[in-house]
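Report on one structure; see the data block that follows.
Only this structure's heavy atoms are used, side chains among them; waters, hydrogens and symmetry mates stay out. A note on names: the letters A, B, ... follow the listed sequences, proteins ahead of strands, and every chain is numbered from 1.
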Amino acid sequence: MLEIKFVRQNLSKVQKALSTRGETADFETFKDCDARRRTVLLEIEELRHRRNVVSEQIAGMKKEGKDANILVVEMRDVSARIKALDKSLSENEETINNILIRIPNIPHASVPAGKDDSENPIVRQIGKRTEFEFVPKAHWTLGESLGILDFDRASKITGARFPLYFGAGARMERALINFMLDIHTTEHGYKEVLPPFIVNRQSMINTGQLPKFAEDLFKLEGWDYFMIPTAEVPVTNIHQNEILNEDLLPIMYAAYTPCFRSEAGSYGKDTRGLIRQHQFNKVELVKFARPETSYDELEKLLNNAETILKRLELPYQIISLCTGDLGFSAAKTYDIEVWMPEQGVYREISSCSNFESFQARRANIRFRKKGKKGTELVHTLNGSGIAVGRTVAAILENYQQADGSVIIPEALRSYMGGKEVIRP
RNA sequence: GGAGAGAUGGCCGAGCUGGCUGAAGGCGCUCGCCUGCUAAGCGAGUGUGGGGUGAAAAUUCCACCGAGGGUUCGAAUCCCUCUCUCUCCGCCA
């Protein structure tokens with residue numbers, strides 16, 4: 001959420017920023033309500049002031065045994081008036097809030113302009129695209145023939161877009177989770193967290209999934225609870241309504257969680273394989289940073305995520321999301337895309353964003369600056385470090401052999417009991 | 001699921017027979033003093049959000065004692081609903 005004062009004072013700037021995202025909001029209603037809000041507020045505060053003063057008078061008179069009835073009767077009217085104005089004020093504020101809460105974040109100045117994902121510039125490419133002397137197979141073909149992936153049976157258990165791993169496949173998921181968490185906690189300084197996988201409505205609002213994107217979420221029937229679409233939600237909300245100690249910043253968490261997404265609106269896309277599932281595993285990195293350093297922290301976070309792909313020796317590229325492709329809450333986002341040989345494309349495997357104070361304002365996460373009065377909102381950042389299912393898919397495709405076997409990346413072998421190759 | 005207790009400022013903790021209590025006291029923190037060093041000691045200050053005036057420093061007003069309603073001229077204090085925490089019983093991996 002943007003600050004109401006900021007929107008009020010920078011109306012055209014906000015409008016312009018939104019249009020670069022291909023978004024708009026009802027600024028006319030905002031302007032009207034905002035102006036009316038302040039008029040009403042002024043009157044309410046005057047009346048309340050009067051009530052406070054007179055109430056004190058009444059108290060004094062009663063103490064002295066005098067009759068205060070005239071004042072009491074007068075105050076009865078004042079209170080009624082306050083009550084009526086209060087009601088109109090809160091309706092007004094609700095209208096304003098409904099507009100504000102649907103306005104996305106303003107892109108950072110360094111974010112490239114562009115209308116959609118076709119205009120995301122490549123920042124860098126690392127590793128040579130894997131080449132084969134045979135026609136490479138898709139990971140689902142390999143996975144099924146190796147007996148480690150079974151989408152048919154998964155659909156019996158639940159339905160389409162759910163994964164079922166066996167043997168070395170299941171082991172590889174577990175190995176990757178441990179591999180990633182170990183690197184981030186021991187080499188990059190993140191604290192490991194294991195959060196709830198189900199969260200309440202407020203947490204979803206705080207990180208920006210609600211109210212706009214309810215259709216992307218799985219909701220629990222009979223509860224106002226939701227399955228998490230990413231660990232970003234529970235982990236960012238760890239510190240909601242807290243004033244953090246400046247000395248502790250940046251706070252860095254690494255969390256493994258499964259993620260649940262309805263994938264509404266993606267019908268027909270990536271219908272096969274591990275790329276687009278309703279349930280997948282992910283290791284997520286989350287930071288709470290000082291505003292002055294948050295963009296440095298974003299670069300570091302991106303490097304931390306890249307380390308995983310480097311160690312696994314998977315070719316990848318970094319793109320910077322353009323204004324039109326930026327997520328709702330993000331001020332800037334880098335995507336990491338891994339090379340998928342069968343389709344011959346780079347596919348998203350991590351998304352690293354700086355949300356600046358957008359989430360912190362909703363979640364009320366602040367810190368106190370040394371030697372300065374008052375509090376300041378922290379900047380929140382997060383990034384996948386990295387998506388586990390897609391990493392399995394990338395390993396299968398990039399490490400496949402002519403005979404249909406798959407070599408296990410060296411860095412991962414110790415996590416898989418020394419196994420070097422997966423054969424049927 | 002049943003019975004009971006509780007939720008107060010960065011933290012701990014009074015107040016809860018309604019009226020200078022934004023809130024005692026303590027800790028912490030900041031500044032100053034003192035002191036061979038450290039520790040201790042002394043003094044002052046120290047919540048958040050919003051509105052008005054002001055160039056600013058500042059000043060003033062309003063709100064906030066888990067959340068939301070209600071009673072009242074007036075609510076941290078009384079009533080209702082909800083959320084969470086704790087204790088006992090039941091159930092349970």
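- Across the strands present, U59(B) finds its partner in G52(B); the criterion is a Watson-Crick or G-U wobble pair with both atom distances under 3.5 angstrom.
- U48(B) atom P lies 13 Å from atom CG of Leu377(A), rounded to whole Å.
- In a base pair of the Watson-Crick type (N1 to N3 plus N6-O4 or O6-N4) or a G-U wobble (N1-O2 and O6-N3), with each distance short of 3.5 Å, C31(B) is matched with G43(B).
- In this structure, CZ of Arg50(A) is placed 16 Å from C1' of C62(B), rounded to the nearest angstrom.
- Counted by atom type alone, Thr207(A) and Glu232(A) present zero donor-acceptor pairs between their side chains at under 3.5 Å.
- In this structure, Tyr415(A) has its ring center under 6.0 Å from that of Phe179(A).
- For the pair Asp86(A) and Arg48(A), the salt-bridge criterion is met [side-chain N within less than 4.0 Å of a carboxylate O].
- Straight-line distance from the NZ atom of Lys83(A) to the C1' atom of C62(B): 19 Å, rounded to whole Å.
- Taking only side-chain nitrogens and oxygens, Arg51(A) never comes nearer than 4.0 Å to OP1 or OP2 of C73(B).
- In this structure, C65(B) makes no Watson-Crick or G-U wobble pair, since no nucleotide meets both defining distances under 3.5 angstrom.
- The phosphate of C73(B) has neither OP1 nor OP2 within less than 4.0 Å of any side-chain N or O from Asn69(A).
- Base pairing of C37(B) is not made with any nucleotide, judged by Watson-Crick or G-U wobble geometry with both donor-acceptor distances under 3.5 Å.
- Residue-to-nucleotide contacts include no donor-acceptor pair under 3.5 Å from the side chain of Glu56(A) to the base of G74(B).
- For G15(B) and G9(B), the C1' atoms lie 14 Å apart once the distance is rounded to whole Å.
- For A14(B), there is no paired base (Watson-Crick or G-U wobble, both distances below 3.5 Å).
- Whole-Å rounding puts the Gln9(A) CD to G50(B) C1' distance at 14 Å.
- For the pair Arg38(A) and G51(B), the criterion of a side-chain N or O lying under 4.0 Å from OP1 or OP2 is not met.
- Nucleic acid contact for Leu41(A): sugar-phosphate only, since backbone atoms but no base atoms lie under 4.0 Å from a heavy atom of the residue.
- Nucleotide C84(B): paired with G6(B) (Watson-Crick or G-U wobble, both distances less than 3.5 Å).
- The pairing partner recorded for G1(B) is C89(B), the criterion being a Watson-Crick or G-U wobble arrangement whose two distances lie under 3.5 angstrom.
- Below 30°, between 30° and 60°, or above 60°: for Phe328(A) and Phe213(A) the angle between ring planes is above 60°, a perpendicular geometry.
- Across all strands shown, U21(B) has no partner, as no Watson-Crick or G-U wobble contact with both distances under 3.5 Å is found.
- Contact record, Ala394(A) with Met340(A): CA-SD, 3.7 Å, taken as the closest heavy-atom pair.
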